[in-house]
Structures are given as structure tokens and as C-alpha cells.
Amino acid sequence: MNKNDIEQIIRKEIVEAVMKTQDFLIIGNWKMQKTKQEVKSFLKDIASHDFGQKNKIIIAPPSPYLYLFEEKLRYSNVLYGAQNFYPKESGAFTGEVSVDMLQDFGCKYAIVGHSERRTIFGECNEFISKKVRILIQKNITPILCIGENLNQRKNEDYKHFLATQISEGLQRISQDDVSKVIIAYEPIWAIGTGETASPSQVEELHIYLRKFLVERYGSNIGKDIPLLYGGSVKPSNVKELALAQSVSGFLIGGASLDAKSFIEINNILN
Ligand code: 13P
């Protein structure tokens with residue numbers, strides 16, 4: 001047996017040990033996709049599927065379909081959340097959805113600070129921090145997205161930029177409430193491009209973010225905040241990415257649209 005074979009065997013054992021013991025958050029972000037019929041058919045496929053007890057499965061559909069999730073997932077352990085809302089209780093905000101409305105439909109999670117909302121809709125850290133605060137007040141878990149674009153990536157300072165997205169996004173909540181937040185690192189250059197950050201890039205960044213969280217919020221809180229990776233995650237690369245240190249789960253766009261590939265991702269991480 002040569003050195004390569006031995007390395008392969010050791011790697012396989014490490015992979016199996018990690019997959020067996022670590023639980024992952026698997027979150028699907030559908031963005032602005034699917035028809036009512038497609039949503040119904042997806043829900044039919046997953047409502048009766050046994051995802052097991054280890055991983056937590058969450059889907060964020062477009063808001064008009066939340067009522068179907070409430071109806072069809074009543075007896076399933078799949079949870080769901082919102083992609084967006086407006087950070088006010090109620091009022092004259094034409095076209096907007098409030099957090100109370102999300103709660104009415106059973107949402108337990110909401111995505112905030114996604115790069116598409118930051119770049120297309122001009123949401124800044126200040127506004128995002130208001131969204132985080134109202135979610136915490138209403139007992140909905142914020143999934144705070146951060147991520148750099150390709151130009152920023154070329155600049156060594158991009159790590160500091162990401163840390164600022166976290167600290168400014170969380171500036172309106174107390175230290176204790178920080179423990180209720182999920183953070184998702186989604187490099188913009190890897191979203192919907194098919195180009196994934198390599199496991200070593202993800203690991204390097206997640207270790208940096210973990211260190212930042214521990215320093216900023218204390219080790220009790222900082223060490224346990226879930227840190228997800230997102231950006232072209234699919235069945236073929238999720239295993240390697242899951243092995244990167246400090247990866248607590250995944251925020252998945254394209255590959256979460258198809259029930260088969262979404263289920264496959266969970267199977268791989270089980
Ligand atoms: P893709 O998985 O399609 O790259 O999307 C990632 C994402 O933006 C999830 O929020």
C-alpha cells in the first residue's frame with residue numbers, strides 16, 4: 001500500500017466520523033422561484049420524507065407560498081422561514097410584509113442581509129441591524145448573511161469587511177441575544193456561479209470568523225454561534241465543505257429547489 005492509499009483510507013475514516021457525529025443546519029433559500037404547483041409537488045416529496053433527527057432542515061420560500069408550508073408541513077420536522085420582511089410592526093408600507101405576518105404563518109427563521117438584498121435593494125448594515133432587532137423581539141431566528149465580492153476579495157482587508165458586517169448587523173441587540181443568531185458566510189463570487197469556495201478557503205475564513213466572534217462576544221457566546229457556508233453548494237461538493245473546520249451547515253440556493261438534490265444533501269450529511 002503506498003502513501004496515497006493510506007492517506008485516502010485515513011481521510012475516508014475522518015469523513016465518516018465527522019458525518020456521523022456532527023449535526024448540520026441545512027437551509028434552502030428559494031429566492032424568487034417556483035410556481036404554486038411546483039411548490040405543492042416539492043412539499044409532497046419532502047413532507048413524508050424522513051430527514052432523520054440529526055440535521056435541522058429549513059426552507060425559505062417566497063412569502064406568497066408560506067401558507068402552503070404551514071398547511072403541508074404540519075406533521076413534518078422540516079421548518080421554514082422568510083426571505084424578507086420590513087422592520088416595522090405595521091402601517092403604511094405599501095408592498096411590505098411584517099414580522100407578525102411571518103409569525104402568523106409559522107415562520108421560525110428569517111434571512112437578513114443577503115447579498116442580493118444588499119446589492120439590488122440597497123440594504124445597508126444599519127437597516128439590516130433593525131431587521132435583526134425586530135426578529136429577536138419577535139422570537140424569530142435571524143440568519144444574518146455576510147459576504148465579499150471579487151474585488152473586495154483581492155484586498156487583504158476583506159476579512160475585516162466581513163467582521164464589520166457582523167458587528168454592525170448585530171449592533172442593536174444585546175450580547176445575550178447574539179447567541180440566538182445564525183451567521184451565513186456567502187462569498188458573492190460563489191453565489192449562483194457554480195464556482196464554490198474551496199474547502200480550505202471556507203475553513204480559513206470560518207476560523208477567522210469564529211475567532212472574531214469569540215473575541216467580540218466572549219467565548220461562551222462566540223464559540224456556539226452557528227456559522228454556515230453558502231455559494232454553489234450541491235450534492236457533489238457538500239461533503240468536502242462539511243469537513244472544513246467550524247462549518248455548522250449550509251445556505252443553499254439552486255440545489256435546494258429540487259427535492260431530490262435537497263434530500264440527497266441531507267443524506268450525505270447524515
Ligand atoms: P446558490 O447555492 O444558488 O449559489 O445560492 C446561494 C445563496 O445565495 C443562498 O442564499
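No experiment lies behind these values; they were computed from the predicted model shown. All values below come from the heavy atoms of this structure, side chains included, with hydrogens, waters and symmetry mates left out. Indexing begins at 1, ligand by ligand and atom by atom, following the structure's order.
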Within-cut-off N or O pair, Thr193 and ligand 1, under 3.5 Å: no
For Phe121, does the six-membered ring have the charged nitrogen or CZ of Arg117 within the cation-pi criterion, i.e. under 6.0 angstrom from the centroid and within 45° of the normal? yes
Donor-acceptor side-chain pairing of Tyr185 and Gln165 below 3.5 angstrom: no
May I ask you to decide whether Glu126 forms a salt bridge with Arg172, counting only side-chain N to carboxylate O separations under 4.0 Å? yes
Among all the protein's non-hydrogen atoms, which is closest to atom 7 (C) of ligand 1, and how far away is it? Glu186 OE2, 3.1 Å
When the ring planes of His206 and Tyr229 are compared, do they come out parallel, tilted or perpendicular, using 30° and 60° as the limits? tilted
Cationic tip of Lys131 above Phe85 ring, under 6.0 Å, 45° of axis: yes
Whether Phe212 and Tyr217 hold their rings parallel, tilted or perpendicular, with breakpoints at 30° and 60°: perpendicular
Below 4.0 Å from ligand 1: does a non-hydrogen atom of Ser232 turn up there or not? yes
Looking only at distance, does Glu116 have an N or O less than 3.5 Å from an N or O of ligand 1? no
So is Gly192 polar-close to ligand 1, meaning N/O to N/O under 3.5 Å? yes
Does only the side chain of Lys31 get under 4.0 Å from ligand 1, or the backbone, or both, or neither? Count heavy atoms. side chain
Hey, which atoms in ligand 1 end up nearer than 4.0 Å to a heavy atom of Leu251? 9 (C), 10 (O)
If you draw a 6.0 Å radius around NZ in Lys223, do more than 12 non-hydrogen atoms from other residues or ligands fall strictly inside? yes
Suppose we measure from atom 2 (O) of ligand 1 to each protein heavy atom; which comes out shortest, and what is that distance? Gly253 N, 2.9 Å
Atom 3 (O) of ligand 1: the protein heavy-atom neighbour that sits closest, reported with distance to 0.1 Å: Gly254 N, 2.9 Å
Ligand 1 versus Ile191: contacting region, heavy-atom distance under 4.0 Å: both
Aromatic ring proximity Tyr158/His160, centre distance under 6.0 Å: no
Looking only at heavy atoms, is any part of Cys145 under 4.0 Å from ligand 1, and if so is it the side chain, the backbone, or both, or is it neither? neither
Does the residue Ala190 have a heavy-atom contact with ligand 1, meaning some pair of atoms that are separated by less than 4.0 Å? yes
